[in-house]
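Structure first, commentary second.
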2 protein chains.
Amino acid sequence: MPFELPNLDFAALRTLRLVHALGSFSRAAETLGLAQSTVSYTLARLREAFDDPLFVRQGQGIVPTTRCSEIVAQAGELLDRFEELAAPRDFEPAVASLEIGISCNYYERVTILPQIVRVLRCEAPGIRLKVISSTVQGKGQLTRSQSDILLGAVQIQEAGYFRRSLFKEDYVCIMDPQNPLAQVPLDLESFVRAPQVIVNYGDGYRARFLVAMETAGYRPNTAMEVPSPASMDRILLGTDLIATVPRRIAQTFRGEVASVACPVSAEIPIDMFWTARTHSSAPHVWLRSLIATVSGREAESLQDARSSETEDTHAFPDQSF
Amino acid sequence: MPFELPNLDFAALRTLRLVHALGSFSRAAETLGLAQSTVSYTLARLREAFDDPLFVRQGQGIVPTTRCSEIVAQAGELLDRFEELAAPRDFEPAVASLEIGISCNYYERVTILPQIVRVLRCEAPGIRLKVISSTVQGKGQLTRSQSDILLGAVQIQEAGYFRRSLFKEDYVCIMDPQNPLAQVPLDLESFVRAPQVIVNYGDGYRARFLVAMETAGYRPNTAMEVPSPASMDRILLGTDLIATVPRRIAQTFRGEVASVACPVSAEIPIDMFWTARTHSSAPHVWLRSLIATVSGREAESLQDARSSETEDTHAFPDQSF
DNA sequence: GTTAACCTATCGAATTTTTCGATTCATATT
DNA sequence: AATATGAATCGAAAAATTCGATAGGTTAAC
């Protein structure tokens, strides 16, 4: 009996990964819906199995040992492979019961999700969507399994992610219907001069039309910044302000505000990303296909986020290598 | 947030692998020293997790489903990787590959690092040292994991740091060999009067002999300040200036400048600090031991940076609680 | 066609592990 | 000092795993 084979369950590895990601036992417990003492006990088992303190106290919080970071990296791969292996191979939308995590921002919540939800309630009422704000962390949320699908105008260069292009969006300018600018096509000069409400998405992101403007040497007349285009109509009505928002956002204000083409042309490519972990899971394949379908015709082209390639057998397959 | 998160432990995967190999629940149970019903129960869990019968009865025995064989192949890899991951990390310098961060200043880079590097290239060529300037932030760099080891004449009062005393250094005065002061032992009065090049280490630090002088009521005749003792010889040669530097720094100028004992006695304790984060990591233990060894005999005394401390049972142990 | 041999599945009880709430302990902050 | 934060620990409760015994099902032998 020289060696005792270490034993752990995958849930323990998930806990380890989460503690590492959050830097806190208590927050991990909260996220998992468990008591803090439970996480503490799980960590004790992990410490035993790996014969390492894993986390040591430092200052306010905890800091992972060097070995811990190695382990988390490896364990992450093990978990992904296991979850891929255990992913359901077949499912019936009508009876399947599971939760799928989607990470996206306001734009996708407004333009894509409502249609998805409608279909889901009819055809797959057992699929529960857990939508979280991606802000600028969408990629990390995917890799940490905090979400299964990432939607948005995101660019991921690295290998290890699958991508499907959904559609391209462009900008329109919206304003009070009384605004003189709403009466005629908007020219560039008027656009640049007009007092604008700029959406800054809570910092860390600059809308593409702003980048395009700047590249062309213009600077908008920023009268106000807000973090989200939500209820922009309420802001604009009765003012001389204009706002430049994606076309589909503008459509949600239909009737309330006037919209005209934006003289600065900029495209927003909206993509869907996922990882190998859910790549072969039947419900995920189904949902991704649904998302692509409701996103419209443009969704026919598709690719891997990485370079390579395969083959497609479904109506709206995720990927062709 | 994936599906009904499947959970299994690695022991279950081992059982699966064994059953697959032996083609029998009972023999697997026997091999594992378990009851047959236990294996049956484990298989029930596996069947649930993978949503597949895995084994179906045929004739005398059982036969694996195709999915089962896939799973066994994958699970075998998962098990191998897990066991590799959980295997006690015995550190072999010759093959280890990792980076270790050291925070120190010019003095330690000149006196300690060259010897370390020499040993490392022979015995542990896979260890990459990342040396950063500690200036006066060494402690913060440690706690922020910007470095793993801090070397220098540092005093850390707080708890949470490990310390090992390396050696004590003293000062000598160096000057042009032609300097009259170089011909006889230097007396205090001449020392105080002599025009000095003062090393200010880029502000924020005052050399200990300066503190000692001031305490004794003397003030040096400062002719010049420089941030580092590097190439001090080039500055001194052909002048009447003197400089007071740690003995081992002076030795790097050997032959170029004359050096005499400094009449102000001040000791510089050179210590090594680290944190719990790397305390139990085999490569770090090994390197710390190496640093202590090449730092010489004086390294035998050792303590914790915190209050408690004990004696030492190993040749050059970091610490024993 | 019955029986014997050989498996796996299942049941109830015993055991072990996991979880929880409360408390304690350690550290940092006021 | 006092307070706040967060991990460790304790005892009790809940859940899971394990075991022995037995049931159910298939094959081979008579």
Side-chain angles (χ1 to χ4, degrees), chain A residues 4-16 18-49 52-65 68, chain B residues 5-16 18-49 52-65 68 139-140 142-144 156-162 275-277 304-308 321:
Chain A
E4 271 188 36
L5 287 173
N7 191 28
L8 285 175
D9 54 26
F10 287 97
L13 295 186
R14 274 191 277 268
T15 300
L16 175 64
L18 192 62
V19 169
H20 185 85
L22 300 180
S24 158
F25 285 33
S26 339
R27 270 188 293 278
E30 199 180 347
T31 306
L32 292 167
L34 298 174
Q36 170 263 317
S37 58
T38 304
V39 172
S40 224
Y41 176 72
T42 300
L43 259 291
R45 277 180 291 141
L46 289 159
R47 284 166 166 157
E48 164 104 3
D52 188 275
L54 299 176
F55 297 94
V56 296
R57 303 179 84 125
Q58 185 162 99
Q60 316 235 39
I62 53 174
V63 91
T65 64
C68 178
Chain B
L5 285 163
N7 191 25
L8 287 174
D9 55 25
F10 287 97
L13 295 186
R14 274 195 275 277
T15 299
L16 175 65
L18 192 62
V19 168
H20 185 85
L22 300 179
S24 159
F25 286 30
S26 341
R27 267 187 296 275
E30 198 181 345
T31 306
L32 291 168
L34 298 175
Q36 170 265 318
S37 61
T38 302
V39 172
S40 218
Y41 177 70
T42 298
L43 260 290
R45 277 179 291 143
L46 288 159
R47 283 165 166 158
E48 163 100 1
D52 188 275
L54 299 176
F55 298 94
V56 294
R57 303 179 84 126
Q58 184 170 93
Q60 312 237 38
I62 54 174
V63 86
T65 64
C68 177
K139 196 184 70 181
L142 265 191
T143 53
R144 285 192 299 274
I156 297 181
Q157 303 299 346
E158 297 160 56
Y161 297 86
F162 294 89
T275 66
R277 189 171 57 80
D304 183 351
R306 329 180 238 208
S307 54
S308 69
F321 282 100

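Convention: sequence-line order gives letters A, B, ...; per-chain numbering from 1.
In this view, B/R144 and B/Q146 satisfy the side-chain hydrogen bond (donor to acceptor under 3.5 Å, both in side chains) rule, not counting sequence neighbours. The side-chain contact (heavy atoms from CB on, under 4.5 Å) check on B/L18 picks up B/L22, B/A28, B/T31, B/L32, with sequence neighbours excluded. Evaluation of the side-chain contact (heavy atoms from CB on, under 4.5 Å) rule for A/Y41 yields A/R45 as partners, not counting sequence neighbours. When the ring-ring contact (aromatic ring centres under 6.0 Å, His included) test is applied to A/F10, the partners found at least two apart in sequence or on another chain are A/F82, B/F10.
In this structure, A/R47 reaches the D/dA8 phosphate: one of its side-chain N or O atoms is under 4.0 Å from OP1 or OP2. Checking the phosphate oxygens (OP1, OP2) of D/dT18, a side-chain nitrogen or oxygen of B/R45 falls inside 4.0 Å. Distances shorter than 4.0 Å separate none of the side-chain N or O atoms of A/S24 from OP1 or OP2 on D/dG6.
Considering only heavy atoms from C-beta on, B/F55 comes within 4.5 Å of B/L16 through its side chain. B/V19 places none of its side-chain heavy atoms less than 4.5 Å from the side chain of B/T42.
The structure places CD1 of A/I62 at 10.0 Å from NE2 of A/H20, a figure rounded to the nearest 0.5 Å. With rounding to the nearest 0.5 angstrom, the CG atom of B/L13 is 9.0 Å from the CG atom of A/N7.
The 5' end of DNA chain D is approached more closely, in terms of each residue's nearest nucleotide, by A/I62 than by the other of B/T42 and A/I62.
With rounding to whole Å, B/R27 atom CZ is found 13 Å from C/dT8 atom C1'. Remark: C1' of C/dT17 and CD of A/E48 are 14 Å apart, rounded to the nearest angstrom. One atom, CG of A/L46, and another, C1' of C/dT18, lie 14 Å apart when rounded to the nearest Å. Note: CG (A/L18) to P (D/dA7) measures 12 Å, nearest angstrom. Between A/F25 atom CZ and C/dC25 atom P the separation is 19 Å, expressed in whole Å. To the nearest angstrom, C1' of D/dA7 lies 15 Å from CD of A/E30. As a whole-Å value, the separation of A/N7 CG from D/dA16 P is 17 Å.
With axes fitted over five pairs at each extremity, the angle between the ends of the helix from C/dG1-D/dC30 to C/dT30-D/dA1 is 20° (10° resolution).
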Residues B/D52, B/L46; criterion side-chain contact (heavy atoms from CB on, under 4.5 Å); working and verdict: CA-CA 8 Å; B/D52 188 275; B/L46 288 159; over 6 Å; no
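Nucleic acid contact for A/Y41: base, since at least one base atom lies under 4.0 Å from a heavy atom of the residue.
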Where protein sits on nucleotides 19-29 of chain D, one letter per nucleotide: B base, S sugar-phosphate only, - none, heavy atoms under 4.0 Å: BBB--B--S--
